Amino acid sequence: MTSERYTLNAQLAQMLKGGVIMDVTTPEQARIAEDAGAVAVMALERVPADIRREGGVARMSDPAMIKEIKAAVSIPVMAKARIGHFVEAQLLEALEIDYIDESEVLTPADEECHIDKTRFSIPFVCGARNLGEACRRIAEGAAMIRTKGEAGTGNVVEAVRHMRTMNREIRQVCNMPIEELTGFCRDNGIPYEVALAVREVGRLPVVNFAAGGLATPADAAMMMQLGCDGVFVGSGIFKSGDPARRARAIVQATTYYNEPQKVLEVSMNLGEPMVGIEIPTIPEDERLARRGW
Amino acid sequence: MARIGVLALQGGVVEHLEHLQRLGVAAGPVKKAADLEGLAGLIIPGGESTCLRRLLRIYELDEAIVERFRAGLKLWGTCAGAILLAKRVVDGDPGLALIDIEVARNAFGSQLASFNTVADVPAVAAAPIPMTFIRAPKIKALGPGVRSLLRLDDYHAAAEDDAVLVTVFHPELTPSLAFHRYFAAKCGLATAEVDEAAWRPADWTRHAPLPR
């Protein structure tokens, strides 16, 4: 990837700012998402809540299904490749979708290496729990970052933890004397050059969305107030009682995140939210956020 | 002092604010009808046109913008903004419908087809202007009273009438301030001389800081 192509890819993410990216499994769901005001859809065979329930190895979705979804909407289409599975990424690039999510929601294909994203022309978004993880993904060529909240739980607590951790570490990087930075980078696994870029602009140098466990308009507004540039909603929409209505409400809450009166209006009579899961009830080895490093 | 607003519902808002600030033009985000007060011009930025169209409608900002437009507000749409200002949209519904052009959405293909180019636009600047096209639309036809500013291949990339400017590319994602300067002049506002070479792609982040 040339630096010109990388900038173009980071700039597509910039155009998604303030928006909601929704998980969809059928062309019909994709159209509901588009009509509700989604800025992009994530095409996948099973939403994280089902992957979690059914277990087994979760892989890239059937390309025929992704193609159908691509044909159904005019907004950007994203799809997931397994962590480290560079051939799944090659197939998604050949399919000419708009963005690849190298995602912990799928079963990792490589326990040592993430995909070398610099070898691709297509953009990648990657999950991160803290500044080190975000900066390592950027160093590998990710053009967009998202939090790595526990997907498929309807529980926002992990996404909040990741965003607060990133913000705290960014403040530290920006405020410490420069001579302390190499040691801080060593201790936190942060590539030094990326840390310098963070220090220069006072935040991540690329777009950073919230993802994992968001289920309500208030969840979306909270992540925006914590400094996210936009939100992903996975199982939260199509696992709820009235998906179209909830999708519209989350879009409006993401735009007007700083106006409680408007978030309040859209939060009424949304029907059943998806069922939530408390994080401590999930065995450690089944926690998706721990996949990747 | 007269100002230029940037519609701030979704998309590339801070990128435009950053360019206007560098030109010394007073500028601010527009999220509700009251924010249109005292504006000489309004930029409708890039983003997703289907999302923007829906938000404009449900919060009745569309009616407020049209009312101000009738009273002399100048408009500029970039990418999705151009789609929202077009009277005709191929396979889609028009949004504000304030300039007599026909646009085709996402007319180049996926993100892999996004590109940069450089072109001469004599009406806007003497020097060639860099341009960034991201999943861009094409302007396929111009109605009477609409002038083409830049024709490329089988489409118009920029056009205007007396009150509305449309560009299918993103000047706010390049170092060039030529189109922002041109729109400010259209709004009757003065601009400062600026060293364009100082711009960096991540400069938008300074206008999207983390909460304190």
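Not measured: the values here are computed from a predicted model. First the proteins, then the strands, lettered A, B, ... as listed; each starts at 1.
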Above 12 or not: heavy atoms from other molecules or residues under 6.0 Å from [atom1] of [X]?
X	atom1	answer
Arg119(A)	CZ	no
Lys87(B)	NZ	yes
Asp91(B)	CG	no
Phe69(B)	CZ	yes
Glu196(B)	CD	yes

Heavy atoms only, distances under 4.5 angstrom: which of Ala38(A), Gly202(A), Ser74(A) has the most pairs with chain B? Name it, please.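 Greatest number of close heavy-atom pairs with chain B: Ser74(A).
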With chain B, the option among Ala36(A), Gly19(A), Ala197(A), Ser121(A) that has the most non-hydrogen atom pairs under 4.5 Å is Ala36(A)
Given side chains that start at C-beta, do those of [X] and [Y] come closer than 4.5 Å, heavy atoms only?
X	Y	result
Pro123(A)	Gln111(B)	yes
Pro76(A)	Arg135(B)	yes
Met15(A)	Leu173(B)	yes
Val207(A)	Trp204(B)	yes
Gln14(A)	Glu15(B)	yes

Report which part of [X] has an atom under 4.5 Å of a heavy atom belonging to chain B: side chain, backbone, both, or neither.
X	value
Val73(A)	neither
Leu204(A)	backbone
Gln225(A)	backbone

Arg200(B) with Glu200(A): basic N within carboxylate O range, under 4.0 Å: no
Does Pro205(A) offer a backbone N or O that forms a donor-acceptor pair with the side chain of Thr205(B) under 3.5 Å?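 Side chain of Thr205(B) to backbone of Pro205(A): no pair is present.
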Can any side-chain N or O of Lys31(B) pair as donor or acceptor with the backbone N or O of Thr255(A) at less than 3.5 Å? yes
At under 4.5 Å between heavy atoms, what parts of residues 48-60 of chain B are in contact with chain A? List them by residue number. Glu48(B), Thr50(B), Cys51(B), Arg54(B), Leu55(B), Ile58(B), Tyr59(B)
Which of residues 4-11 of chain A get closer than 4.5 angstrom to chain B, counting heavy atoms alone? Glu4(A), Arg5(A), Thr7(A), Leu8(A), Asn9(A), Gln11(A)
Can you see which heavy atom on Met163(A) is nearest to which on Leu210(B), and at what distance?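 What the structure gives for the nearest pair is CE-CD2, 4.4 Å.
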Closest contact, heavy atoms only, Asp98(A) versus Ser110(B): OD1-CA, 3.3 Å
Leu9(B) versus chain A, heavy atoms under 4.5 Å apart: side chain, backbone, both or neither?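 For Leu9(B), the contact with chain A is made by backbone and side chain together.
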Region of Asn106(B) that comes under 4.5 Å of a non-hydrogen atom in chain A: side chain
Under a 4.5 Å cutoff for heavy-atom pairs, which residue among Gly46(B), Ala202(B), Ser114(B) has the most contacts with chain A?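 Heavy-atom pair counts peak at Ser114(B).
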